[in-house]
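Please see the structure below; I have some questions.
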Amino acid sequence: MPPVAIRAHTATTALGRGRQAQADALRAGRSGLRQNDFSHAPLACWIGRVAGVEDDALPEALSGWECRNNRLAWIALQQDGVMDALDAAIKRHGAERVALVVGTSTSSIGASEEAYERLVDGAFPPDLARPIIHTPHSLGDFLQHATGLRGPCITVATACSSSAKVFAQAARLIQAGVVDAALVGGVDTLCGSVLFGFNSLGLVSAQPCRPFDAGRDGISLGEAGGFAVLERIDGDASGGLQLLGYGESSDAYHMSTPHPEGLGAQLAMRDALARAGLDAADIDHLNLHGTATPANDRVEAIAISALFPDSLHAASTKGFTGHTLGAAGIVESVFALIALEDGTLPATLGSTTPDPACGAQIRFAADVRPVRHAMNNSFGFGGNNCSLVFGRA
């Protein structure tokens, strides 16, 4: 595929707001996880909560979309020059030629939970009687109004691969000539459905998560938002970071369990490499999906060992942020871009004893070295897989 330029990128997580907060924490090995203090789901677990979301109301002109998820989207959108890059793309191409493709898993369901808790004579209370925030497209609709974009507007909801697949969708729109640029990203926030839901599946650990550790016993949930501005490369204007390839697959194996040999994961990674025109040995860093559930980590480890040489530095960053669900793809793509820019290869935080399925590729210790190509894996329920390859021009 033709490379796609990345004009700006940002993430806001439990580590802080913006790219620098993420980079500083990754380099220092500082986790953003804390004991659960989310009052809507009083469970004994650890979470990755973004500070200050409760205090930052939306601007009055956007108050019709008021909810925790859209607040976090607005916060993330203001970081790292994303709006400036978007404005520049609009000036070059026109608002109709810039797409908006965003991923989310639960969207604004926290507002729906509150509405049902506060029913008035069987109806939603007046302040929450706003239909758009009770739909999966709440995020996309909000961002369309917040940015003024008038190109295709798409919300991707494929569980934990959602905001990785937005890169693939945007690249296809650009390659097909439908648009010249795109704002991609994803946002998911903590709510009762997320915490109680995953806990009911027996997937939430009472301790900070330990990806790929032999003693791992479940995930830590988090919330996050992030964005990137993608643009067609014309002429010599190709400098900087680039999306080089993407691969998508579906295991079609089980509703919640990946294929035991990681065939779907391997297919996504192979396709991403093929589109990028690279071999597995060309990848210096891989941000693993690595949720710290027993089955998923073992399967991903098997797939990594089958594809990559020992020289690869592969790590999971869930111990820093928690599993941010529909925002994991964009957050961990930003982490991969940080590796390209700074040479920061993160640790698999909180893990000490590798699972026997892990090959030498999966590293628990951090490193710093030049990175030419980086990959990100995001795998969702039902074997919905996406892998992305990034590089530098």
Checklist entry - Going by atom types alone, do Asn385 and Ser249 pair a side-chain donor with an acceptor below 3.5 Å? => result yes
Next on the checklist: Test: ring pair (Phe, Tyr, Trp, His ring centres under 6.0 Å). Region: residues 318-347. Which pairs qualify, not counting sequence neighbours?
Outcome noted: His289-His323
Next on the checklist: Testing the 3.5 Å rule here: is there a donor-acceptor pair between the side chains of Asp24 and Gln20?
Outcome noted: yes
Item to check | Donor-acceptor under 3.5 Å (Ser200 side chain, Gly197 main chain) | outcome: yes
Checklist entry - Between His93 and Glu231, is any side-chain donor less than 3.5 angstrom from a side-chain acceptor? => result yes
Item to check | Side-chain donor or acceptor of Gln78 paired with backbone N/O of Trp74 under 3.5 Å | outcome: yes
Checklist entry - Under 4.5 Å between side-chain heavy atoms, hopping through other hydrophobics if needed: is there a path connecting Phe364 to Leu286? => result yes
Next on the checklist: Ring of Tyr246, cation from Arg275 - is the NZ or CZ under 6.0 Å from the centre and inside 45° of the axis?
Outcome noted: yes
Checklist entry - Just by distance, do the side chain of Ser105 and the backbone of Leu325 share a donor-acceptor pair under 3.5 Å? => result no
Checklist entry - Can we say Arg298 and Asp355 salt-bridge, meaning some charged N sits less than 4.0 Å from an Asp/Glu carboxylate O? => result no
Checklist entry - So, Asp80 versus Thr10: side-chain donor-acceptor pair below 3.5 Å or not? => result yes
Checklist entry - Can you tell me if Arg130 uses its side chain to pair, donor with acceptor, with the backbone of Glu66 under 3.5 Å? => result yes
Item to check | Reported OG1-to-CD1 distance for the pair Thr104 and Ile330, which is rounded to 0.5 angstrom | outcome: 13.0 Å
Next on the checklist: Nearest 0.5 angstrom please: Asn376 CG to Met269 CE, how far?
Outcome noted: 11.5 Å
Next on the checklist: Are Phe38 and Ile75 linked, directly or through intermediate hydrophobic residues, by side-chain heavy-atom contacts shorter than 4.5 Å (ILVMFWY only)?
Outcome noted: no
Next on the checklist: Is it true that Ser161 and Thr158 share a donor-acceptor pair across their side chains at a distance under 3.5 Å?
Outcome noted: yes
Checklist entry - Is there side-chain contact between Leu183 and Phe227, with heavy atoms separated by less than 4.5 Å? => result yes
Checklist entry - Strictly by modelled atom types, are Asp141 and Trp65 linked by a side-chain donor-acceptor pair under 3.5 Å? => result yes
Next on the checklist: As a quick check of understanding, evaluate side chain to side chain donor-acceptor pair (under 3.5 Å) for Arg17 and Thr12, giving each step before the final call.
Outcome noted: CA-CA 4 Å; Arg17 300 185 181 192; Thr12 291; over 6 Å; no
Checklist entry - Are Ser193 and Glu113 close enough, and set up right, to give a side chain to side chain donor-acceptor pair (under 3.5 Å), and what steps lead you there? => result CA-CA 8 Å; Ser193 296; Glu113 293 172 1; 2.5 Å; yes
Next on the checklist: Does Asp188 form a side chain to side chain donor-acceptor pair (under 3.5 Å) with Thr106? I'd like the steps, not just the answer.
Outcome noted: CA-CA 6 Å; Asp188 250 350; Thr106 59; 3.2 Å; yes
Item to check | Cluster link Ile338 to Ile283, ILVMFWY, side chain under 4.5 Å | outcome: no
Checklist entry - Within the side chain of His313, is there an N or O that forms a donor-acceptor pair under 3.5 Å with the backbone of Pro346? => result yes
Checklist entry - Side chains of Arg216 and Asp297: closer than 4.5 Å at any heavy-atom pair? => result yes
Checklist entry - Under 4.5 Å between any side-chain heavy atoms of Arg68 and Glu223, yes or no? => result yes
Checklist entry - Quick one: are His373 and Leu244 in side-chain contact, heavy atoms under 4.5 Å? => result yes
Next on the checklist: Counting only heavy atoms not in Glu60 (residues, nucleotides, ligands), do more than 12 fall under 6.0 Å from its CD?
Outcome noted: no
Checklist entry - So among Arg27, Arg19, Arg392, which one has a salt bridge (charged side-chain N to carboxylate O under 4.0 Å, His left out) with Glu341? => result Arg19
Next on the checklist: I'd like to know if the side chain of Ser108 pairs up with that of Ser138 as donor and acceptor (distance under 3.5 Å, no hydrogens or angles considered).
Outcome noted: yes
Item to check | Donor-acceptor contact present, side-chain Gln361 to main-chain Ser311, <3.5 Å | outcome: no
Item to check | Validation row: Arg363, Thr348 side chains within 4.5 angstrom (heavy atoms) | outcome: no
Checklist entry - Glu332 side chain to Ser378 main-chain N or O, any donor-acceptor pair under 3.5 Å? => result no
Item to check | Sidechain-backbone polar pair: Asp251 side chain, His259 backbone, donor-acceptor under 3.5 Å | outcome: yes
Checklist entry - Judged by modelled atom types alone, do Asn377 and Asn287 share a side-chain donor-acceptor pair under 3.5 Å? => result no
Next on the checklist: We want to know whether Asp213 and Thr353 form a side-chain donor-acceptor pair, criterion being a heavy-atom distance below 3.5 angstrom.
Outcome noted: no
Checklist entry - Should Leu77 and Thr147 count as side-chain neighbours, where that means a heavy-atom distance under 4.5 Å? => result yes
Checklist entry - Would you call Asn69 and Ile133 a side-chain contact if the rule is heavy atoms closer than 4.5 Å? => result no
Item to check | Derivation of the salt bridge (Lys or Arg N to Asp or Glu O under 4.0 Å) call for Arg71 and Asp56 | outcome: CA-CA 7 Å; Arg71 282 189 180 195; Asp56 286 6; over 6 Å; no
Checklist entry - Taking the side chain from Arg7 and the backbone from Leu86, do they hold a donor-acceptor pair closer than 3.5 Å? => result no
Next on the checklist: When you group the ILVMFWY residues by side-chain heavy-atom contacts below 4.5 Å and let the links chain together, are Leu243 and Leu278 in the same group?
Outcome noted: no
Checklist entry - Centroid-to-centroid, Phe196 to His40, below 6.0 Å? => result no
Checklist entry - Is there side-chain contact between Glu300 and Thr291, with heavy atoms separated by less than 4.5 Å? => result no
